Amino acid sequence: MMIAFENDTIQVPAAIIAHGLDLEIPAVQSLMRNGEVTSRCEKGENEDAGRYRLTFFHKGRRFQLVIDSTGKILQRSVIDFGDRALPASLRKPGI
């Protein structure tokens, strides 16, 4: 399972997102289409040049990946607030 760069977009397999957000793989695409799973991509600068931070949100869960320019996953993290809403501060860039 590889993260790929194609036509100025980053393609993340649904299985990776599902695992990070604790979802079933078939549900990921429809949840994204419905706006229930949202995402953000940040491109690294200066000492982080060549890296990207991909963040996915669903309910009270935030899943982050840091990848390099080849799509290799360098770091992953999850914050899960359970039934509580994810604080707005965790949705801001750079967190």
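If you read the sequence from its start, that first residue is 1, and numbering goes on from there. Computed from a predicted structure; not experimentally measured. Only heavy atoms go into these numbers, but all of them, side chains included; no hydrogens, no water, no symmetry mates.
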Checklist entry - Is there a side chain to side chain contact (heavy atoms under 4.5 Å, CB included) between I3 and Q11 once you walk through the steps? => result CA-CA 6 Å; I3 295 174; Q11 309 257 331; over 6 Å; no

Checklist entry - Would K72 and I67 count as a side chain to side chain contact (heavy atoms under 4.5 Å, CB included) if you check the C-alpha gap in whole Å, the side-chain angles of each, and the deciding distance to 0.1 Å? => result CA-CA 5 Å; K72 179 182 175 187; I67 63 171; over 6 Å; no

Next on the checklist: Using the rule given for side chain to side chain contact (heavy atoms under 4.5 Å, CB included), can you reason through S39 versus T55, listing the C-alpha separation, both sets of side-chain angles and the distance that settles it, and then say yes or no?
Outcome noted: CA-CA 5 Å; S39 62; T55 309; over 6 Å; no

Checklist entry - What do the steps show when you test R61 against F81 for side chain to side chain contact (heavy atoms under 4.5 Å, CB included), and what is the final call? => result CA-CA 6 Å; R61 194 170 178 98; F81 281 82; over 6 Å; no

List the atom pairs, with distances to 0.1 Å, where a side-chain N or O of residues 14-30 and a protein N or O form a donor-acceptor pair under 3.5 Å, not counting sequence neighbours.
residue, atom, partner, partner atom, Å
Q29, OE1, R33, NH2, 3.4
S30, OG, A27, O, 3.1

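Legend: ring-ring contact (aromatic ring centres under 6.0 Å, His included) pairs involving residues 27-56, not counting sequence neighbours, sorted by first then second residue: F5-Y52.
Atom CD of E42 sits about 10.5 Å away from atom CG of D48, to the nearest 0.5 Å. Annotation: the span from I73 atom CD1 to M2 atom CE amounts to 8.5 Å, rounded to 0.5 Å.
Considering only heavy atoms from C-beta on, R53 comes within 4.5 Å of Q64 through its side chain.
Through direct or relayed side-chain contacts under 4.5 Å between Ile, Leu, Val, Met, Phe, Trp and Tyr, L74 connects to V66.
Remark: D68 pairs with T70 by the side chain to side chain donor-acceptor pair (under 3.5 Å) rule, at least two apart or across chains. By the side chain to side chain contact (heavy atoms under 4.5 Å, CB included) test, E47 is found to be paired with no residue, residues two or more places apart in sequence or in another chain being considered.
Electrostatic pairing of E45 and K43 does not count as a salt bridge here, judged by no charged N lying under 4.0 Å from a carboxylate O.
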